[in-house]
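Values reported hereafter were calculated over all heavy atoms of this structure, with side chains retained and with hydrogens, waters and symmetry mates removed.
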Amino acid sequence: QVHLLESGGDSVQAGGSLRLSCAASGYTTESYCMAWFRQVSGKERETIAAIDTDGSTTYADSVKGRFTVSQDKGKNTLYLQMNSLKPEDTAMYYCAADRAEYCTNYFRSWSTFSYQGQGTQVTVSS
């Protein structure tokens with residue numbers, strides 16, 4: 001059974017950095033595309049970063065240049081390095097994954113991914 005577990009969420013001041021982790025079990029991330037999302041209460045879940053099976057990455061404009069998505073395939077873990085954090089980055093952050101055959105468009109909405117985590121909270125204060 002595929003399971004994703006996010007961690008690393010915390011409260012930080014604006015301008016600070018955090019690194020989120022998404023530990024995967026039940027499969028090897030080498031065969032999957034993965035993505036990060038975030039959601040503020042009352043708003044839709046936003047796709048912010050994604051990585052394909054070949055290591056290609058895509059970012060939402062709102063995080064481009066500040067966030068970096070990466071994988072450690074040996075540890076089956078996805079990361080999101082977040083720098084220059086802003087109060088508007090405050091949200092619950094989630095990861096998701098899908099099998100390679102479903103990754104033609106790997107930067108897509110949360111609901112279309114086969115496997116999803118439970119989230120980790122990030123709070124950025126001004």
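For the residue pair E44 / S109, no side-chain donor-acceptor distance below 3.5 Å is found, with atom types taken as modelled.
Side-chain contact between I48 and L80 is present, with at least one heavy-atom pair separated by less than 4.5 Å. Taking 4.5 Å as the limit, some side-chain heavy atom of L78 sits within range of a side-chain heavy atom of W36. Counting heavy atoms from C-beta on, the side chains of D89 and F67 come closer than 4.5 Å. For the pair L20/M82, a side-chain contact is recorded, criterion being any heavy-atom separation below 4.5 Å from C-beta on. The shortest side-chain heavy-atom distance between V63 and R38 falls under the 4.5 Å cut-off.
H3 contributes atom NE2, which lies 13.0 Å from atom CG of N76 (distance to the nearest 0.5 angstrom).
Annotation for S111 and Q116: closest pair CA-NE2, 4.0 Å, computed over non-hydrogen atoms. Here the shortest heavy-atom pairing between A100 and T53 reads CB-CG2, 3.9 Å. Residue W110 comes nearest to T47 through the heavy atom pair N-OG1, 4.3 Å, listed as atom of the first residue, atom of the second, then distance. Across L18 and G8, no two heavy atoms sit closer than the pair CD2-O, 3.9 Å.
A cation-pi contact links R45 to Y94, judged by a cut-off of 6.0 Å to the six-membered ring centre and 45° from its axis.
For residues 67-113, the set of pairs meeting the disulfide (SG to SG under 2.5 Å) definition, not counting sequence neighbours, comprises C22-C95, C33-C103. Residue pairs meeting the salt bridge (Lys or Arg N to Asp or Glu O under 4.0 Å) criterion with at least one member in residues 93-104, sequence neighbours excluded: D98-R108, R99-E101. For residues 79-88, the pairs satisfying side chain to side chain donor-acceptor pair (under 3.5 Å) are S17-N83, Q81-N83, with sequence neighbours left out.
Panel note: side chain Y32, backbone A96; no donor-acceptor pair is recorded below 3.5 Å. Under the 3.5 Å distance criterion, the side-chain polar atoms of T77 are matched with a main-chain donor or acceptor of K75.
Between F113 and Y102, a ring centre-to-centre spacing not shorter than 6.0 Å is recorded.
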Please walk me through it: do T58 and Y106 pass side-chain hydrogen bond (donor to acceptor under 3.5 Å, both in side chains)?
CA-CA 9 Å; T58 301; Y106 62 97; 2.9 Å; yes

